[in-house]
Amino acid sequence: APSGEKLLDALAELSQRKGRLLRHTEKNWASITFAGTRHRIDMVFEGAEGIEAGECFIAFLPEHEFGIPGQLVADAAVIEVDHRLDPPCLRVRCDLLLLEEG
């Protein structure tokens, strides 16, 4: 499977499968020494249980050790959070940079 699919699967795991994917965009990225892809992901967590999972997701994402074969997650950041009360939902936007290993 492409790295994007593996990344989405890893994020679903991290969100305890309580986050719903709204949008995923992927762009090629390169520096002098590395090649990879930059991913922007929008997720929504609904209901009290979902929001709790979403808050954990936000807390754990930056330090999470991703085990994606052949890919190194060089950067993972939550860049936007929108918390609504009625109905309760938490929208999270994150940016991740994956580098090809080897």
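All values below were derived from every heavy atom in this structure, side-chain atoms included, with hydrogens, water molecules and symmetry-related copies excluded. In this text the structure is predicted, and so the values were computed from the model without any measurement.
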Under 4.5 Å between side-chain heavy atoms, counting indirect links through other Ile/Leu/Val/Met/Phe/Trp/Tyr residues: same cluster for Phe66 and Leu21 or not? yes
Rounded at 0.5 Å granularity, tell me how far CG in Leu7 sits from OG1 in Thr37. 8.0 Å
How far does CD of Glu5 sit from CD1 of Ile68, to the nearest 0.5 angstrom? 11.5 Å
I need the Arg38 CZ to Leu97 CG distance, nearest 0.5 Å. 5.0 Å
Between CZ of Arg91 and CE of Met43, what distance do you get to the nearest 0.5 Å? 12.5 Å
Pick one: which of Glu52, Glu49, Glu46 meets salt bridge (charged side-chain N to carboxylate O under 4.0 Å, His left out) with Lys18? Glu49
Here the gap from His83 atom NE2 to Phe45 atom CZ, rounded to the nearest 0.5 Å, amounts to 11.5 Å
Is it true that Leu14 and Leu72 fall in one hydrophobic cluster, defined by side-chain heavy atoms closer than 4.5 Å? no
Separation between CG of Leu8 and CD of Glu13, rounded to the nearest 0.5 Å: 12.5 Å
Using the rule that Ile, Leu, Val, Met, Phe, Trp and Tyr join whenever any side-chain heavy atoms are under 4.5 Å apart, tell me whether Ile58 and Phe60 fall into a single cluster. yes
Count I, L, V, M, F, W, Y as connected when their side-chain heavy atoms are under 4.5 Å apart, and connections chain through other members. Are Ile41 and Trp29 then in the same cluster? no
With under 30° as parallel and over 60° as perpendicular, where do the rings of His24 and His39 fit, or are they tilted in between? parallel
Would you mind reporting whether Glu26 and Leu98 have side-chain heavy atoms less than 4.5 Å apart? no
Side chain proximity check, Arg23 to Arg93, heavy atoms < 4.5 angstrom: yes
Would Leu96 and Val44 show up in the same hydrophobic cluster when neighbours are defined by side-chain heavy atoms closer than 4.5 Å? no
Shortest non-hydrogen pair, Ser15 vs Ala53, comes out as O-CB, 3.8 Å
Does Arg20 come within less than 4.0 Å of Asp42, counting only side-chain N to carboxylate O? no
Glu100 vs Ser3 side-chain heavy atoms within contact, under 4.5 Å: no
Can you tell if the side chain of Val81 reaches within under 4.5 Å of the side chain of Leu90, non-hydrogen atoms only? yes
Could you check Val92 against Leu61 for side-chain contact (heavy atoms from CB on, under 4.5 Å), going step by step and ending with a plain yes or no? CA-CA 11 Å; Val92 180; Leu61 177 73; over 6 Å; no
